[in-house]
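First listed ligand is number 1; within each ligand, the first listed atom is number 1.
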Amino acid sequence: MSTLHTEQEKPKAAGPAPDEQGTLIDTSKMNAGQRAALEMTEAARETASERGSFGSELFMGRLSLNRLFPFPEQSVEDRAAGDVFLKKLAPFLREHVDPDEIDRTGEIPQEVIDGLAQMGAFGIKVSPSYGGLGLSQTNYCRAAMMLASYDGNLTALISAHQSIGVPQPLILFGTEEQKRKYLPRVAKGEISAFALTESGVGSDPATLVTHAEPTPDGKHFILNGEKLWCTNGVKAGIIVVMAKTPPKVVNGKERKQVTAFIVEMDMPGVEVTHRCHFMGLRALYNGVVRFKDVMVPRENILFAEGKGLKVALMTLNTGRLTLPAACVGLSKKCLQIVKKWSNDRVQWGAAIGKHAAIADKIARMAANTFAMESMTLYTASLVDRDKKADIRLEAAMCKLWGTEIAWQIVDDTMQIRGGRGYETADSLKARGDDPVPVERFMRDCRINTIFEGSSEIMRLFIAREALDPHLKVSGAALNSQLPMSQRLKAALNAGLFYAGWYPKQWLFSLAPLGERAGVRGSLSPVLKRHLRYANRTSRRLARRLFHAMAKNGPKLEREQVLLGRFVDIGTELFAIAATCSRAHSMLQKGSREENDALLKLVDYFCCGARLRIDQRFQGLSKNADRKGYRVAQQILNFPAKYLEDGILNGSH
Ligand SMILES: Cc1cc2nc3c(=O)[nH]c(=O)nc-3n(C[C@H](O)[C@H](O)[C@H](O)COP(=O)(O)OP(=O)(O)OC[C@H]3O[C@@H](n4cnc5c(N)ncnc54)[C@H](O)[C@@H]3O)c2cc1C
C-alpha cells in the first residue's frame, strides 16, 4: 500500500483566498502588536508553490526521496566555471590577506577590496551582460565556503553586498532599466548594503518607523528615519532601504505598506552617524545610517510600492544560503585544526585524539560537517535548476541547523585546543607557538545564529510553513473571527480531507524504497536502513503535528517550544535524507576503502540524528515547558532577592 499522495489528495484551501491568508489564523486572542506583526508578515508571505518542496511534504508525512535522488551533482562545466574564479581567489587570500591583522586593526585594506573587485568577487552571480561573472548559486556557495574558512570579515563584506545588498533583490525584482543602471556598478565593486533594522525593529517589521512620503507630483519620495546595524553601510555607494509608505485600504481594511527603495549614499540628507563595533567581525563596516528629507526618485522603488517586505523576505530566502555555506567552510577549517592538534598533542601518555572524550567530539564534528554540506549543496542546486524554486523551508533549515551546529563545532574546537584555543593568535605567535585563530573564529561565528533570521525566528518561520497545509484545510474552521457558515463549510471540507489523509499516516509503504526514490544503483544496506527510518518517521512527525493541532487549536501558535521540537525533528530528517543521498552518489565513484570510511561516517551521523529526534519526540509528550514559562514570567515580574544577592548593582 503506497502512502504517496496523489494530486487530488493535496490539501486545498477551504477558507479564504490566498490574498487573504492572514484570516487563516485566528488573531482574536492576540494583542495589537502581535496582530500587526502577524498580519504584516502574512501579507508579505510567499504562497507555497503548487509544485511543493521536500520540506513542505516532509511535515505532511511524505519523504519525497524522488526530490533528493539522484543527488544533484554540479555539472562538469559549472564546476569548471567556478574553479576559474576559486583559483584566483585562493592565492589572492593567501598572498594578500592577513585575517589577524584585519581583526586587530578593524580595517580591511583598500588593496584587498580592490583586488577582490578586480577578480569579480562583488558580482559573482550577476550576469555577464551586466558585467558580472554569472556564476551559479552552487559556485557562489563554494566561494563563501572558501572565504569563511579564512576570514569572516571578508565573508561578511562580500555576503552582505550580494546575498542581501543591492544585487540579489535587483536580480530578483529589478526592472531592466534598474538592472542596467546599478548591476554594472555593484559587479565592478561598488559596495552595497541592506537596511531593514531600526532600534525598535529587530525581528518585527510591523514597528518600522523610517518612512517615505510621496511628493505632490508623485515623482519622488521624501525619506526620513534611521537604520541600525547596516552592514557595509559605512563603505557603501548604494543601499536598499525598507521604509513605511502611506497605508492602503485592502478589502475595506487599512493595510500598512512597506516599500523597498534603492538609495544612493551620496544623495543629500544621507549620513552615517556611527560605526558600530562588535565582539567579532571587528572589520565589519557596519553603521547607523540617518535619512533626513532624502529625495528618492520613484523609479528607485524595487518591485512595487507596498511590496518591500516581500522583497526583503524573498531576498533572504536565497540570501540566507550563504551563511550555512560559510559555516561549512568554517567547520572544515576547524576539523583540519582539530585533526592536527589531536594527533600532535600528547597528554596522559597518548595523543589526545585517542582519549574517548576528545574522539567523541571529533566524530561529531566530522559527521555534522558532512551533513551540513549535503543540505547546503542540495538546496543551492535547487536554485540553479529553477530560479523560481520554492526553497524557503530548505534554506531556512540549512540556516538554522548550519549556524547552530557550526557554533557547537567552534566550541568543540576551542575545547580540544584547550588553553591555546582561548589564547589570541597574536599572543600565540609572540611566544613562538602556532598562531591558530580559534579564538577569532569563535568571536566571528557567534553572530550567525542571530542575524539574517535568528534561530528563534527561523523556528517560527519553519513552523508556519509546516503548518500551512493544515491551516489551508482547517484554519478557517478554527478561526472564531469568521462567519459561522464559512467555518462550517471549512469544517466539512477539513473532515473530508483528514478522513483520507490521516489513516495513511499509520500505514507502512510496501513499495521498495530505492524504486520509489528513482535510485540508480543499489542502495547500501546502511543507507537503506536510515532512509527507511526517515520515511516512517516523517509520517510519525505528521501524525504528532496533527495531534498537537487538534489538541491546542489556534493556541498552538503560542507553544513555541513545542513547535520548535517539530521543526527540529523535520530538520534532522532533512539532514539524514540529504546526507544519505549525497553519500549514495559518492559511493558510486569511491574506492572500497573510501566507501567504507564514508559509510561509517554517514552511519554515525544518522545514529546521532536519530537519538536527537528521539529526544524531541519524548519532549513532545513529556516536558516542563509550561512550568518553565511560568517560572520565567515570575522571574520577570517579581523580585527574587536570592537570585540577585551578592552581585554589584548599579552598573552593567
Ligand atoms: C553584526 C550585525 C550585522 C547586522 N547586519 C544587518 C544588516 O546588514 N541589515 C539589517 O537590516 N540588519 C542587520 N542586523 C540586524 C539583525 O538582523 C538583527 O540583529 C536581528 O534581526 C535580530 O534583531 P534584534 O537584534 O533587534 O533582536 P530582537 O528582535 O529584539 O530579538 C531579541 C531576542 O528575542 C528573540 N525574539 C524576537 N521575537 C521573537 C518571537 N516572536 N518569538 C520568540 N523569540 C523572539 C530573538 O530571536 C532574539 O533572541 C545586523 C545585526 C548585527 C549584530
### Closest to atom 6 (C) of ligand 1 (judged by heavy-atom distance), picking from W229, F451, F194
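Ranked by closest heavy atom to atom 6 (C) of ligand 1, first place is W229.
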### Message
As a check for students: among G453, G564, G202, A193, identify the option with a heavy atom nearest to atom 21 (O) of ligand 1.
### Response
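It is G202 whose heavy atom sits nearest to atom 21 (O) of ligand 1.
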### Query
Between R440 and D100, is the closest basic N to carboxylate O distance under 4.0 Å?
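Judged by the 4.0 Å cut-off on N to carboxylate O distance, D100 and R440 do form a salt bridge.
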### Query
Hey, is I447 touching ligand 1 through its side chain, its backbone, both or neither, going by heavy atoms under 4.0 Å?
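Near ligand 1, I447 shows its side chain, while the N, CA, C and O stay back.
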### Query
Quick one: does ligand 1 sit under 4.0 Å from the side chain of K227, the backbone, both or neither, non-hydrogen atoms only?
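None of K227 does.
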Taking only heavy atoms of [X] into account, list the atoms of ligand 1 that are under 4.0 Å away from them.
| X | value |
| --- | --- |
| L460 | 40 (C), 41 (N), 42 (N) |
| L284 | 1 (C) |
| I450 | 20 (C) |
| N286 | 2 (C), 3 (C), 4 (C), 5 (N) |

### Message
Could you measure the distance from the CD1 atom of I462 to the CG atom of L393? Nearest 0.5 Å is fine.
### Response
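Answer rounded to 0.5 Å: 6.5 Å.
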Protein heavy atoms: any of them under 4.0 Å from [atom]?
| atom | value |
| --- | --- |
| atom 30 (O) of ligand 1 | no |
| atom 34 (O) of ligand 1 | no |
| atom 2 (C) of ligand 1 | yes |
| atom 37 (C) of ligand 1 | yes |

### Task
Have a look at K235 and tell me which of I113, I108, L157 forms a side-chain contact (heavy atoms from CB on, under 4.5 Å) with it.
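Of the listed options, the one satisfying the test is I113.
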### Query
Can you check whether F278 has an N/O within less than 3.5 Å of an N/O in ligand 1?
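Between F278 and ligand 1, no N or O pair is found under 3.5 Å apart.
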#### Entry: Between T318 and Q137, a side-chain donor and acceptor under 3.5 Å
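There is no such pair between these side chains.
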Can you pull out the closest protein heavy atom to [atom]? Residue, atom name and distance to 0.1 Å, please.
| atom | result |
| --- | --- |
| atom 46 (C) of ligand 1 | S454 OG, 3.7 Å |
| atom 39 (C) of ligand 1 | I457 CD1, 3.7 Å |
| atom 44 (N) of ligand 1 | E456 CB, 3.6 Å |
| atom 12 (N) of ligand 1 | T197 OG1, 2.6 Å |

#### Entry: Residue of the set R558, R565, R630 for which salt bridge (charged side-chain N to carboxylate O under 4.0 Å, His left out) holds with D625
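For D625, the salt bridge (charged side-chain N to carboxylate O under 4.0 Å, His left out) test succeeds with only one of R558, R565, R630, which is R565.
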### Task
Please state whether the rings of F122 and H161 are parallel, tilted or perpendicular, taking 30° and 60° as the class boundaries.
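Rings of F122 and H161: perpendicular, as their planes differ by over 60°.
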